[in-house]
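As the structure is a computational prediction, the values presented were derived from the model and not from experiment. Every number for a ligand or one of its atoms is a count from 1 in the order of the listing.
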Amino acid sequence: MKRDIISVLDMKDDLEDIIDLSIKFKKQRYEQFPEYVNHVLGMIFEKPSTRTRISLETAMTQLGGHAIYLNPNDMQIGRGETIGDTARVLSGFVDVISYRAFKHENVLELARNASVPVINALDDLEHPVQIVADFMTVKERKNRVNGLKVAYLGDGNNVANSLILGSVLLGSDVSVGCPKGYEPNKKLLEAGQKIARETGTHIEITDDPVKAVESADVVYTDVWVSMGEEKERDQKEKLFSRYQVNSDLVAHADKNYLFLHCLPAHRGLEVTGEVMEGQHSMVFQEAENRLHTAKGILRTLLQ
Ligand code: CP
Ligand code: NVA
């Protein structure tokens, strides 16, 4: 049976194993698998990408296979061919598909119709592959991913949704500081609460940024305006300024806190340049880990 990674929940049983495999790949950067010669990753991107696109393509190439970037505007999908038909056709050509989409439903539809594994490369609801790299970075620095407090400041968006699920699955508490009305997705929060009960962890949602960051081992933020939400920029920038990760706010975190950001970052908005460039910031290690975790994910799905 093929396996997809559409949500962090699809890694419920082996998220930490994928992280450990990715750590191995980091040590053996050019390890190749002869069985992947002629294996192809088809990468559909409806939105721009630097890290996800390049890490997936590089990972597939270094593992011994090949990747093709597919812009929907250059495909018949841009002229109305259905996602279902596209999935069935692509399944006859490629061995695995990644899809960055505006709508979560479209990723689900692609996965339902594809007979090869599908990786969600970000949609409006989740960013599961990002979270693997985030916790890999945490594990490298803290030697563990459990028993920590993860604080997320800002918009309750796709990254926040996936971060909550990843935190509780791995055994860490998570606290989200966000303005009222910008909380993470309700359904995923419910799923997270269920897991939190199983793993003995806690999810906190608060509009108080100091409370969220209090004693945190990891302080995480993301853009206030996600791709496709550009119309909300002015309104959001005013509303979110209290949630900026700056030196005053991180003074409330644990003294050995790590700063993470999925990137791209906007210095002076969700984070100050000082925190981005400060000694606690792991953002470029986190970005590099996208490559190693792309390999961990591809290897897990293809074997
Ligand atoms: N963090 C992340 O997914 O970056 P890209 O949009 O550049 O892929
Ligand atoms: N929340 C951001 C993440 C970018 C990697 C977005 O969806 O644009």
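Proximity of Gln130 to ligand 1, defined as any heavy-atom pair under 4.0 Å, is confined to the side chain (atoms from C-beta onward).
Inter-residue side-chain proximity for Asp95 and Tyr36 is flagged as unmet; no heavy-atom pair is nearer than 4.5 Å. A 4.5 Å side-chain heavy-atom check between Met276 and Phe259 finds at least one atom pair inside the cut-off. Between Leu249 and Gln244 the shortest side-chain heavy-atom distance does not fall below 4.5 Å.
Heavy-atom distances between Arg100 and ligand 1 reach below 4.0 Å in at least one pair. For Leu263, the heavy-atom gap to ligand 1 drops under 4.0 angstrom.
Looking at Arg267 and Glu277, a side-chain N of the basic residue comes within less than 4.0 Å of a carboxylate O on the acidic one, giving a salt bridge. With salt bridges taken as basic N to acidic carboxylate O contacts below 4.0 Å, one links Arg3 and Asp14. Comment: Lys295 does not engage Glu31 in a salt bridge, judged by the lack of any side-chain N to carboxylate O separation of less than 4.0 angstrom. Salt bridge present: Lys139 and Glu16 bring a charged side-chain N and a carboxylate O closer than 4.0 Å.
Around the CZ atom of Arg242, the shell of radius 6.0 Å holds more than 12 heavy atoms that belong to other residues, nucleotides or ligands. No more than 12 heavy atoms of other residues, nucleotides or ligands lie within 6.0 Å of CG in Asn38, so this atom counts as exposed by the packing criterion.
Protein heavy atom closest to atom 3 (O) of ligand 1, with residue, atom name and distance, is His127 NE2, 2.8 Å. Atom 3 (C) of ligand 2 has Asp222 OD2, 3.6 Å as its closest protein atom, hydrogens excluded (heavy atom only). Of the protein's non-hydrogen atoms, Asn158 ND2, 2.9 Å is the one closest to atom 7 (O) of ligand 2. Looking at atom 8 (O) of ligand 2, its nearest protein heavy atom turns out to be Met227 N, 2.8 Å. Given atom 4 (O) of ligand 1, the protein heavy atom at minimum distance is Arg51 NE, 2.8 Å. In this structure, the protein non-hydrogen atom closest to atom 7 (O) of ligand 1 is Thr50 N, 2.7 Å. Among protein heavy atoms, the minimum distance from atom 4 (C) of ligand 2 is reached at Leu122 CD1, 3.9 Å.
Numbered from 1 in the order shown, with element, the atoms of ligand 2 that lie under 4.0 Å from a heavy atom of Asn157 read 1 (N). If you number the atoms of ligand 1 from 1 as listed, the ones under 4.0 Å from a heavy atom of Arg290 come out as 1 (N), 2 (C), 3 (O). The contact set between ligand 2 and Leu263, taken as ligand atoms under 4.0 Å from a residue heavy atom, comprises 5 (C).
For ligand 1, the polar-atom distance check finds no N/O of Arg53 at less than 3.5 Å from any of the ligand's N/O atoms. Taking distance alone, with nitrogen or oxygen atoms compared against 3.5 Å, Cys262 approaches ligand 1 more closely than that limit. Ligand 2 has no N or O atom lying under 3.5 Å from any N or O atom of His127, backbone or side chain.
Geometrically, Arg299 does not engage Phe25 in a cation-pi contact, judged by NZ or CZ lying under 6.0 Å from the ring centre and within 45° of the ring axis.
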